[in-house]
Amino acid sequence: SVAGEPRELTDGFHLVIDALKLNGIETIYGVPGIPITDLGRMCQAEGIRVVSFRHEQNAGNAAAIAGFLTKKPGICLTVSAPGFLNGLTALANATTNCFPMILISGSSEREIVDLQQGDYEEMDQLAIAKPLCKAAFRVLHAADIGIGVARAIRAAVSGRPGGVYLDLPAKLFSQIMDAEAGAASLVKVIDAAPAQLPAPSAIKRALDLLKTAKRPLIVLGKGAAYAQADDSIRQLIEKSGIPYVPMSMAKGILPDTHPLSAGAARSTALKDSDVVVLIGARLNWLLSHGKGKTWGAPGSKKFIQIDIEPREMDSNVEIVAPIVGDIGSCVEALLAGFDGQWPIPPAEWTETLKTRRDANVAKMAPRLMKNTAPMDFHSALGALRTVIKERPDAILVNEGANTLDLARGIIDMYKPRKRLDVGTWGVMGIGMGFAVGAAIETGKPVLAVEGDSAFGFSGMEVETICRYNLPVTIVIFNNNGIYRGTDVDPTGRDPGTTVFVPDSRYDKMIEAFGGVGYHVTTPDELKRAVDQAMDSGKPSLINAVIDPAAGSESGNIGSLNPQSVVVRK
Ligand code: ADP
Ligand code: MG
């Protein structure tokens, strides 16, 4: 500035906003309050879209799924202590699922917090966040905001993506500095998630092994969906002729109806394969840790694993051919390495899987076509299966127990990143947050298929959905309770621990906020209501009455429940 003239000033508020905008952040999910209310207002005034929720966990889940869908970190903005803790659940979940997300929380004054003198919402948030996310940073000086935001972004999206916590004490926002110096302090992150090329020797080792396979199998995980390497993955499968099994959020990278999909022959495929290529899928509980009877005889399996995180290798069983790198580069390298000389798997193997798949599909078919009341999970899902077949661009959000397990198998997906669900933890409560995030980020219609219990964890966000007029259709599988609606208190005092008010009308909830409610009892009615709701593009909620006796305990993971062997007299 010219000497003598008053300097132009900027402050913490504006530096945070400018740093986010400089790095292409267009949307913030959050809940306003002290000390970030004005930050939200100013973001909105500066053109950032601010989506305000009713509870921070749902805002955090929206940010997390935004990260999964876009490969840019989703931003969640919360108040201190309780708001921070609510958002932290979503941040931990995002980290577990490898979704890039940044939780930005306001916090109380360091001097008081560190001396534990009892400040408003006093909490050492940085220390608490640290073990639950990939990285955590605090900015104390306005001049460091640019670096703080840059570090948060890079930490969230580079390598294995995950959640990052950014702590911004209240005092930071009103700190002032010279505008020019402020602008110069901002950092535009260059190449935030650089390609990570696999070593040629790792590719050769994997290809040499693959050539010996008699019963090869590819397992696609949500890392493969996240990587957006859809064309290369399809080429790898089609050129090699290797059958594949998709994990639930990898469904649709290739259509579930693809001739090489062994999704409906999953058990046989896992048990009888000899060489398994894991692409962005971890050998965690969802894959029985790569061992036990799911995977056939001990020693019958050799694993090739593609993952960006080197330490994922050998986490549960020996990985004979680790390929460390980003999925796009790794799959490209496999394709280049084979180059026309694929040893197509023996027909015996592909035919075995096909026969098993067709038999399983045929066995299921009649259960999906019953048109009677009350509905069971199969008949209701039969109707929704047709909806997605007719609307392959719609995004399916899915949570619950039976509602989740059965929908995963019954509803075919046709396009990548269209199925968003409970993920690695099998967590309940992602529903409305994911629905809002998906609708905002993609502009596509969203169909959220929710167990009645699962819905309850985020149900207040139907107001948010109505407020932003989002094209979200919620279907509640209402079976009066958790797993089933039939539990009773043996003493006769209270309702059973797993049941809700019988015959609740969830459809009336959305009407309170100007959305459209439907109440249906047969699959035909359900199909008609969903079509009408999705055609209208209006926020809608369909209460679908399911037989209270239809579900099974914990869906298909009942074996994880500990059993008591003591019978009390
Ligand atoms: P699923 O539950 O579908 O099996 P997981 O969450 O277990 O999927 O596995 C996803 C894996 O994908 C993680 O190990 C993660 O490190 C990896 N991953 C995520 N993004 C990429 C990427 N771009 N390139 C390579 N690996 C990735
Ligand atoms: Mg239920």
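Numbering of ligands and ligand atoms starts at 1, following listing order. Every heavy atom of this structure was used, including side-chain atoms; hydrogens, water molecules and symmetry mates were not. Since the structure is predicted, the reported quantities are computational estimates derived from the model, not experimental observations.
- Note: F477 and F377 have tilted aromatic rings, judged against thresholds of 30 and 60 degrees for the angle between ring planes.
- With a 4.5 Å cut-off on side-chain heavy atoms, I25 and K21 do not count as touching.
- You'll find the side chain of M247 reaches within 4.5 Å of the side chain of L286, heavy atoms only.
- Between G280 and ligand 1, a contact under 3.5 Å exists for at least one N or O pair.
- Scanning all protein heavy atoms for the shortest distance to atom 20 (N) of ligand 1 gives Y226 CD2, 3.6 Å.
- Here atom 6 (O) of ligand 1 lies nearest to K222 when heavy atoms of K222, K251, R311 are compared.
- Ranking the protein heavy atoms by distance from atom 26 (N) of ligand 1 puts I308 N, 3.2 Å first.
- At the shortest separation from atom 18 (N) of ligand 1 among protein heavy atoms lies G223 CA, 4.0 Å.
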Note to self: Determine whether N398 and R419 satisfy the following criterion, side-chain hydrogen bond (donor to acceptor under 3.5 Å, both in side chains), listing intermediate values before the conclusion.
What the structure shows: CA-CA 8 Å; N398 188 202; R419 189 188 151 81; 3.0 Å; yes
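- Closest to atom 13 (C) of ligand 1, if we only count protein heavy atoms, is D307 OD2, 3.3 Å.
- F68 and F99 have tilted rings, their planes meeting at an angle from 30° to 60° on a 0 to 90° scale.
- For a threshold of 3.5 Å applied to N or O pairs, the pair formed by L287 and ligand 1 contains no separation below that value.
- At least one heavy atom of C98 sits closer than 4.0 Å to an atom of ligand 1.
- Of the N or O atoms in R160, one or more lie within a sub-3.5 Å distance of an N or O in ligand 1.
- No side-chain heavy atom of P445 sits under 4.5 Å from any side-chain heavy atom of T473.
- Protein heavy atom nearest atom 24 (N) of ligand 1, with residue, atom name and distance: I327 N, 2.9 Å.
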Check: What's the verdict on side-chain hydrogen bond (donor to acceptor under 3.5 Å, both in side chains) for T257 and D412, showing C-alpha distance, side-chain angles and the deciding distance?
Finding: CA-CA 7 Å; T257 49; D412 285 333; over 6 Å; no
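- In this structure, V317 and L283 have side chains that are in contact, with non-hydrogen atoms separated by less than 4.5 Å.
- Contacts with ligand 1 closer than 4.0 Å are made by heavy atoms of both the backbone and the side chain of A281.
- Between S453 and Y483, every side-chain heavy-atom pair lies at or beyond the 4.5 Å cut-off.
- For atom 5 (P) of ligand 1, the closest non-hydrogen atom on the protein side is R282 NE, 3.4 Å.
- The shell of residues lying under 4.0 angstrom from ligand 1, judged by heavy atoms, excludes A229.
- Between I319 and I304 the shortest side-chain heavy-atom distance does not fall below 4.5 Å.
- F303 places none of its side-chain heavy atoms less than 4.5 Å from the side chain of E318.
- Which parts of ligand 1 touch G325 is read off a 4.0 Å heavy-atom cut-off, strictly below it: atoms 24 (N), 25 (C).
- Closest to atom 23 (N) of ligand 1, if we only count protein heavy atoms, is A227 CB, 3.8 Å.
- Annotation: M247 places no N or O atom under 3.5 Å from an N or O atom of ligand 1; distance criterion only.
- At a heavy-atom distance under 4.0 Å, only side-chain atoms of N284, from C-beta outward, approach ligand 1.
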